Amino acid sequence: MSKLPLSRFKVVDLTRVRAGPTCVRQLADWGADVIKVESVGGDDGLGGGRESPDFQNLHRNKRSIAIDLKSPKGIEILKRLVKNADGLVENYRPDVKYRLGIDYEAMKAVNPRLVYA
């Protein structure tokens with residue numbers, strides 16, 4: 001079996017709702033190792049819960065982990081994921097990423113070669 005074009009890349013997916021997950025789904029479909037970070041309490045977003053066809057379609061070919069990004073332990077876990085990732089994709093409102101401490105500058109300190117989208 002031949003490798004897919006993006007199979008050498010690891011991407012951390014913090015996206016939600018529609019546009020972000022669709023973007024990262026393309027990376028996963030082309031072979032990137034995508035780790036979808038879900039909230040611990042669950043996030044139905046558009047299209048229903050985890051078992052809905054819409055959710056399954058948006059997050060196909062992704063692995064997932066539930067992390068509480070509002071806790072110091074959760075941020076520590078995210079930073080461990082980012083340390084070995086090639087990219088991080090998020091679509092939070094700007095104030096949220098700064099409040100959580102996961103903006104570009106904070107993540108660049110963990111992994112200087114990280115592509116932050």
Side-chain angles (χ1 to χ4, degrees):
M1 182 177 152
S2 64
K3 288 190 173 186
L4 292 169
L6 300 181
S7 63
R8 68 184 184 101
F9 297 104
K10 181 180 282 186
V11 177
V12 177
D13 178 4
L14 297 177
T15 64
R16 43 187 316 276
V17 186
R18 172 83 50 211
T22 300
C23 167
V24 181
R25 181 188 66 202
Q26 293 299 314
L27 301 176
D29 286 350
W30 295 333
D33 178 14
V34 175
I35 302 167
K36 169 67 180 147
V37 176
E38 298 182 51
S39 66
V40 175
D43 180 18
D44 287 349
L46 280 175
R50 292 190 107 264
E51 303 305 320
S52 73
D54 193 45
F55 185 96
Q56 294 295 312
N57 182 45
L58 285 172
H59 301 294
R60 69 179 180 234
N61 296 324
K62 301 177 186 181
R63 297 186 291 152
S64 69
I65 184 171
I67 300 175
D68 180 3
L69 294 178
K70 294 179 182 177
S71 75
K73 182 69 174 171
I75 296 299
E76 178 185 322
I77 293 167
L78 177 64
K79 287 180 178 180
R80 282 190 288 178
L81 291 172
V82 166
K83 184 175 184 176
N84 297 310
D86 297 292
L88 179 143
V89 183
E90 59 87 4
N91 62 346
Y92 294 122
R93 293 182 322 272
D95 62 312
V96 173
K97 61 185 161 193
Y98 290 107
R99 188 175 62 232
L100 294 173
I102 60 170
D103 58 281
Y104 173 70
E105 291 300 323
M107 296 295 100
K108 183 175 123 179
V110 174
N111 180 348
R113 64 180 184 77
L114 184 72
V115 174
Y116 189 105

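Computed from heavy atoms alone, side chains included, the values below leave out hydrogens, waters and symmetry copies. Being a predicted model, the structure only gives us computed values, none of them experimental.
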Tyr104 versus Lys97: any side-chain heavy-atom pair under 4.5 Å? no
Do Leu88 and Ile102 come close enough that some side-chain heavy atom pair is under 4.5 Å? no
Same apolar cluster (I L V M F W Y, side chains within < 4.5 Å links), Val96/Ile67: yes
How would you list, by chain and number, every residue that makes a side-chain contact (heavy atoms from CB on, under 4.5 Å) with Thr22, sequence neighbours excluded? Arg18, Arg25, Leu58
To the nearest 0.5 Å, atom NZ of Lys36 lies from atom CD1 of Ile65 at 12.5 Å
Qualifying ring pair (Phe, Tyr, Trp, His ring centres under 6.0 Å) pairs, either residue in residues 57-93, two or more places apart: Phe55-His59
Test of understanding: clusters of I, L, V, M, F, W, Y form through side-chain heavy atoms closer than 4.5 Å, transitively. Do Val34 and Val89 belong to the same one? yes
Calculate, to the nearest 0.5 Å, the distance between atoms CZ and CG belonging to Arg80 and Asn111 respectively. 15.5 Å
Residues pairing under salt bridge (charged side-chain N to carboxylate O under 4.0 Å, His left out) where one sits in residues 98-115, two or more places apart or in two chains, turn out to be Asp86-Arg113, Asp95-Arg99
Under the side-chain contact (heavy atoms from CB on, under 4.5 Å) test, which residues partner Val110, sequence neighbours left out? Lys79, Val82, Lys83
Going by heavy atoms in the side chains, are Leu78 and Leu100 under 4.5 Å from each other? no
Quick one: are Val37 and Leu81 in side-chain contact, heavy atoms under 4.5 Å? yes
Mind checking whether Ile75 and Leu14 sit in one hydrophobic cluster, side chains of I, L, V, M, F, W, Y counted as touching below 4.5 Å? yes
Provide the closest heavy-atom pair for Val11 versus Ala32 in the form atom of the first, atom of the second, distance. CG2-CB, 4.3 Å
Closest non-hydrogen atom pair between Ser39 and Ala66, with its separation: O-CB, 4.2 Å
Between Ala28 and Asn61, the two heavy atoms sitting closest are CB-O, 3.5 Å
Same hydrophobic cluster for Val24 and Ile35, using side-chain heavy-atom links shorter than 4.5 Å among ILVMFWY? no
Could you measure the distance from the CG atom of Leu69 to the CD1 atom of Ile77? Nearest 0.5 Å is fine. 9.0 Å
Give me each pair satisfying salt bridge (charged side-chain N to carboxylate O under 4.0 Å, His left out) with a member in residues 55-71, each pair once, sequence neighbours excluded. Asp13-Lys62, Asp29-Arg60, Asp33-Arg63
